[in-house]
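So the structure is just underneath, and the comments pick up after that.
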2 protein chains.
Amino acid sequence: MQIGDLSRNAGVNVETIRYYERAGVLPVPARQGNGRRVYGEADVRRLGFIRHARDLGFDLQSVRTLLALQEQPEASCTDASRIAQAQLDEVERRLAQLQSLRAELSRMVVECRKGVVAECRVIEALNTSPS
Amino acid sequence: MQIGDLSRNAGVNVETIRYYERAGVLPVPARQGNGRRVYGEADVRRLGFIRHARDLGFDLQSVRTLLALQEQPEASCTDASRIAQAQLDEVERRLAQLQSLRAELSRMVVECRKGVVAECRVIEALNTSPS
DNA sequence: CTTGCTCCTGTAGTGACTACAGGTTGTAGC
DNA sequence: GCTACAACCTGTAGTCACTACAGGAGCAAG
C-alpha cells in the first residue's frame with residue numbers, strides 16, 4: 001500500500017500523512033526501491049485513531065501519549081494505568097466543559113424564535129457574561 | 001480609556017486586542033495626539049461578546065457575522081440561529097465520541113487496578129465510532 | 001535625568017495542518 | 001519508443017487565532 005491508498009483507506013489527506021510522519025505520530029515507513037513510502041493495515045488503524053483523537057480535541061502530544069499507552073508491554077502496567085488515569089482526568093474535564101457549552105448553545109437555539117435580531121436569544125446570550 | 005485599561009476591563013490580552021483590530025472584529029479606534037488608541041465602554045462590551053463567542057467555539061468569521069447581525073436589530077435572526085445550531089451539532093458529536101473514549105480509558109484503569117494486564121483497546125474504542 | 005511603565009509598529013513563532021512549486025517515477029495509449 | 005498524465009517525492013510558504021519579541025517613543029515619579 002502506498003501513500004495514496006493509505007490516504008483513501010483512512011480518509012486522511014496525503015499531505016497530512018507526511019506531516020504526521022514528521023511530527024512523529026506515524027512511524028517512518030519502509031520505502032520501495034523508487035523511494036515511495038510503503039504502508040500496511042496497522043497504519044490505517046493508527047491513522048484512524050489519530051484522527052478520532054484529534055477530533056476529540058487532543059493535541060498531537062496527547063496522541064503520542066495515547067499511542068504509547070497502546071504499545072505498553074505487560075511489564076509496565078502501573079505506568080500504563082497512570083497514563084490512562086491522566087488521560088481519563090483530561091477527558092472528564094473536557095466532557096464537563098463540552099456539556100456546559102452544549103447547555104448554553106442549546107438554550108440559545110431553543111429560545112430563538114427566528115424573529116428579528118432585536119429579540120434574538122442567540123445574540124442576547126452572547127452579550128451576557130458567561131455563567 | 002487606552003488599550004491597557006480595555007485589556008484589564010475586558011480580560012483580553014493587549015496583543016489580542018490589536019490582533020482583533022487587524023482581523024476586523026474590533027473597529028479601528030480613534031487615536032490620542034501621541035498616537036495611542038482610545039476606547040470606550042462600547043468596546044468593552046464588544047470585546048466581551050467576542051470572547052464569549054470564541055469560548056463557545058465560534059471562529060472569527062462567525063463572530064464577524066454575529067456582530068454584523070447584532071448591528072441590524074430589524075434583520076431576521078435566522079443566520080444567527082443557523083450558526084449556533086451548527087456549533088451545537090459539532091459539540092454534540094464531540095460529546096458522543098468523548099463518552100466512548102471515557103468508557104474505554106476507565107475500563108483500562110479499573111483492570112490495571114485489579115492486577116490484570118489490560119489489553120488496551122483505545123484504538124478500537126475510537127475506530128468503532130460514528131460520524 | 002534616569003528609571004520604568006505603557007504604548008507603538010512590525011515581524012516571527014506556535015500547532016496542526018494545507019497548498020503549491022518543481023522535480024522524478026510509473027503506467028497507459030498510440 | 002514517445003507522449004501524456006497521474007501519483008509520488010522534497011521543501012517551502014500560507015492559514016487561523018493567537019502570542020511573543022525587537023526596537024523605539026511617550027510620559028510620570030523619584
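Naming convention: chains lettered A, B, ... in sequence-line order (proteins, then strands); numbering from 1 in each chain. Values below: every heavy atom of this structure, side chains too, minus hydrogens, waters and symmetry copies.
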Let me test you: for the helix from dC1(C)-dG30(D) to dC30(C)-dG1(D), what is the angle between the axes at its two ends (five pairs each), rounded to 10 degrees? 20°
Should Tyr20(B) be listed as having a side-chain N or O under 4.0 Å from OP1 or OP2 of dA17(D)? no
Could you state the CD-C1' distance from Glu21(B) to dT9(C), rounded to the nearest angstrom? 12 Å
Per Arg54(A) side chain, nearest of listed nucleotides dC7(C), dA17(D), dC17(C): dC17(C)
Which is true for Arg18(A) with a 4.0 Å heavy-atom rule: it touches a base, it touches only sugar-phosphate, or it touches nothing? base
Quick one: do the Arg82(B) and Gln85(B) side chains pair a donor with an acceptor below 3.5 Å? no
Test: Asp55(B) and Arg51(B) ion pair at under 4.0 Å: yes
Non-hydrogen side-chain atoms of Met108(A) and Leu56(B) separated by less than 4.5 Å: yes
Of the listed nucleotides dC7(C), dC21(D), dA16(C), the one nearest the side chain of Val14(B): dC7(C)
Arg64(B) side-chain N/O to dC16(D) phosphate OP1/OP2 under 4.0 Å: no
Looking at the base of dT25(C), is there any donor atom on it, or on the side chain of Arg36(A), that sits under 3.5 Å from an acceptor on the other one? yes
Please report the distance, rounded to the nearest Å, between CD in Gln61(A) and C1' in dT14(C). 15 Å
Working to the nearest 0.5 angstrom, can you tell me the gap between Leu47(B) CG and Arg54(B) CZ? 13.0 Å
Judged by each residue's nearest nucleotide on DNA chain C, which is more toward the 5′ side, Asp5(B) or Arg51(A)? Asp5(B)
Find the distance between OH (Tyr20(A)) and CG (Asn13(A)) and round it off to the nearest 0.5 Å. 9.5 Å
At what distance, to the nearest 0.5 angstrom, does CZ of Arg37(A) lie from CD of Gln2(A)? 11.0 Å
Where the side chain of Thr16(A) is concerned, which of dC8(D), dA16(C), dC17(C) is the nearest nucleotide? dC17(C)
Identify, residue by residue, the members of residues 24-34 of chain A with a heavy atom below 4.0 Å from DNA chain C, and return them in order of residue number, or none. Asn34(A)
Could you check how far CG of Asn13(B) sits from C1' of dC21(D), rounded to whole Å? 13 Å
Straight-line distance of Asn9(B) CG to Asp43(B) CG, nearest 0.5 Å: 11.0 Å
Distance check: side-chain N/O of Arg22(A) vs OP1/OP2 of dT12(D), anything under 4.0 Å? no
Has Arg94(A) got its NZ or CZ under 6.0 Å from the middle of the six-membered ring of Phe58(A), at an angle within 45 degrees of the ring axis? yes
In whole angstroms, how far is the P atom of dG14(D) from the OH atom of Tyr19(A)? 18 Å
Whole-Å gap separating P (dC18(D)) and CG (Asp59(B)): 10 Å
Shortest side-chain distance from Gln2(A), nucleotide among dT19(D), dA17(D), dC8(D): dC8(D)
Check whether the side chains of Gln61(B) and Arg64(B) place a donor and an acceptor atom closer than 3.5 Å, and report yes or no. yes
Any salt bridge linking Glu21(B) with Arg18(B)? Criterion: basic side-chain nitrogen under 4.0 Å from a carboxylate oxygen. no
Taking the nucleotide of DNA chain D with the closest heavy atom to each, which residue, Leu60(B) or Gly4(A), is nearer the 5' end? Gly4(A)
In whole angstroms, how far is the C1' atom of dG10(C) from the CD atom of Glu15(B)? 12 Å
Ile17(A) atom CD1 is separated from dT10(D) atom C1', nearest whole Å, by 16 Å
Leu6(A) CG to dC8(D) C1': how many Å, rounded? 14 Å
